[in-house]
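What follows is a single structure, written as structure tokens, with notes after it.
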Amino acid sequence: NAGVMQNPRHLVRRRGQEARLRCSPVKGHSHVYWYRQLPEEGLKFMVYLQKENIIDESGMPKERFSAEFPKEGPSILRIQQVVRGDSAAYFCASSRDRERNYGYTFGSGTRLTVV
Amino acid sequence: DAKTTQPNSMESNEEEPVHLPCNHSTISGTDYIHWYRQLPSQGPEYVIHGLTSNVNNRMASLAIAEDRKSSTLILHRATLRDAAVYYCILRSAQKLVFGQGTRLTINP
């Protein structure tokens, strides 16, 4: 069983470019969550998606950030016009069900560096 | 989500048991207690969770107080690979809300 696959592992972008981070959940998991971890800080929730739906985007910055989880293919976190402050590790997690009795499986993350 | 309180850091020796405490005095009756850990440069890893009864799995044990206002994660025999930040989380809603966790250092 493959776990949550995130790619790329490392991404370098110049200021003003776009960053696309991909996340393939565990097979059979239909719930995806994105978290951001700034250097030396804790994990902050960004967005929760189910197939084709955004359920909770309360942690997403209002501008430049968007996320999708299409019917087919991986979930994508998109950051437009990146700035230095976007440099962070971005983690994706998936779960089988929305019930609280299930744990999340996290990927290894994408480390974004904006230069 | 209800708040949890954990010590910022703890230290233990290799091959000794480790007890990681977590206070959650505002826990509601339907909150599950989840523990995750994050090793350096890796994503968080699920450790264990429980509701009312103590739980055991291959990684750890979870001891839950009778009033559910606190819990303890027990690593029975720590190894150097257990050095990580351990997060205690109350799961009431769909999303997990991480606090600062406890940074566990294991001495050889």
Side-chain angles (χ1 to χ4, degrees), chain A residues 1-7 9-10 21 23-26 29-50 53-60 67 88-111 113, chain B residues 1-9 22 24 27-53 55-60 62 64 68 71 73 84-104:
Chain A
N1 276 333
V4 173
M5 304 301 292
Q6 288 190 249
N7 64 80
R9 286 296 304 274
H10 300 274
L21 287 62
C23 169
S24 296
V26 173
H29 285 193
S30 58
H31 302 255
V32 165
Y33 315 83
W34 285 92
Y35 286 79
R36 177 166 66 173
Q37 188 169 35
L38 295 168
E40 304 303 320
E41 292 191 17
L43 290 127
K44 302 296 184 189
F45 168 79
M46 299 181 75
V47 63
Y48 158 40
L49 309 106
Q50 290 183 38
N53 289 305
I54 296 174
I55 307 302
D56 181 348
E57 56 181 348
S58 58
M60 287 279 271
Y90 292 82
F91 293 99
C92 170
S94 72
S95 70
R96 185 173 69 183
D97 196 279
R98 64 178 295 121
E99 293 301 318
R100 293 159 300 193
N101 195 23
Y102 290 108
Y104 288 14
T105 302
F106 279 84
S108 299
T110 293
R111 280 149 185 84
T113 302
Chain B
D1 295 284
K3 189 174 170 56
T4 62
T5 304
Q6 299 178 253
N8 288 334
S9 62
C22 180
H24 28 78
I27 191 170
S28 74
T30 54
D31 287 342
Y32 279 83
I33 302 161
H34 283 244
W35 283 82
Y36 285 75
R37 71 180 186 180
Q38 187 174 22
L39 279 63
S41 300
Q42 294 189 29
E45 176 186 28
Y46 167 81
V47 178
I48 200 166
H49 77 279
L51 184 61
T52 57
S53 304
V55 184
N56 299 296
N57 67 21
R58 64 175 180 82
M59 289 181 69
L62 176 60
I64 302 172
R68 299 208 329 125
S71 60
L73 179 72
V85 179
Y86 286 78
Y87 298 97
C88 169
I89 302 166
L90 299 184
R91 189 169 177 188
S92 56
Q94 182 57 16
K95 59 181 186 274
L96 291 175
V97 178
F98 286 80
Q100 292 305 306
T102 296
R103 183 174 297 276
L104 177 65

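So that the names make sense, note that chain A is the first sequence line, chain B the second, and so on, each numbered from 1.
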> Looking only at heavy atoms, what is the nearest atom pair of A/R111 and B/Q42, with distance?
Replying inline: NH2-N, 3.7 Å
> Using non-hydrogen atoms only, which part of B/Q100 is less than 4.5 Å away from chain A: side chain, backbone, both, or neither?
Replying inline: side chain
>> So for A/Q6, is it side chain, backbone, both, or neither that comes closer than 4.5 Å to the heavy atoms of chain B?
In response: neither
>> What's the separation between atom NZ in A/K44 and atom CZ in B/F98, rounded to the nearest 0.5 Å?
In response: 11.5 Å
> With a 4.5 angstrom heavy-atom cut-off, which part of A/F91 approaches chain B: side chain, backbone, both or neither?
Replying inline: side chain
> Between A/Y35 and B/L96, is there a donor-acceptor pair closer than 3.5 Å when you use the side chain of the first and the backbone of the second?
Replying inline: yes
> Under 6.0 Å between ring centres, would you say that holds for A/F106 and B/Y46?
Replying inline: no
>> Counting only non-hydrogen atoms closer than 4.5 Å, does A/S58 touch chain B with its backbone (N, CA, C, O), its side chain (CB onward), both, or neither?
In response: side chain
>> Are there over 12 heavy-atom neighbours, none belonging to B/R103, within less than 6.0 Å of that residue's CZ?
In response: no
>> Could you tell me if B/K95 sits above the aromatic ring of A/F45, with its cationic atom closer than 6.0 Å to the ring centre and no more than 45 degrees from the axis?
In response: yes
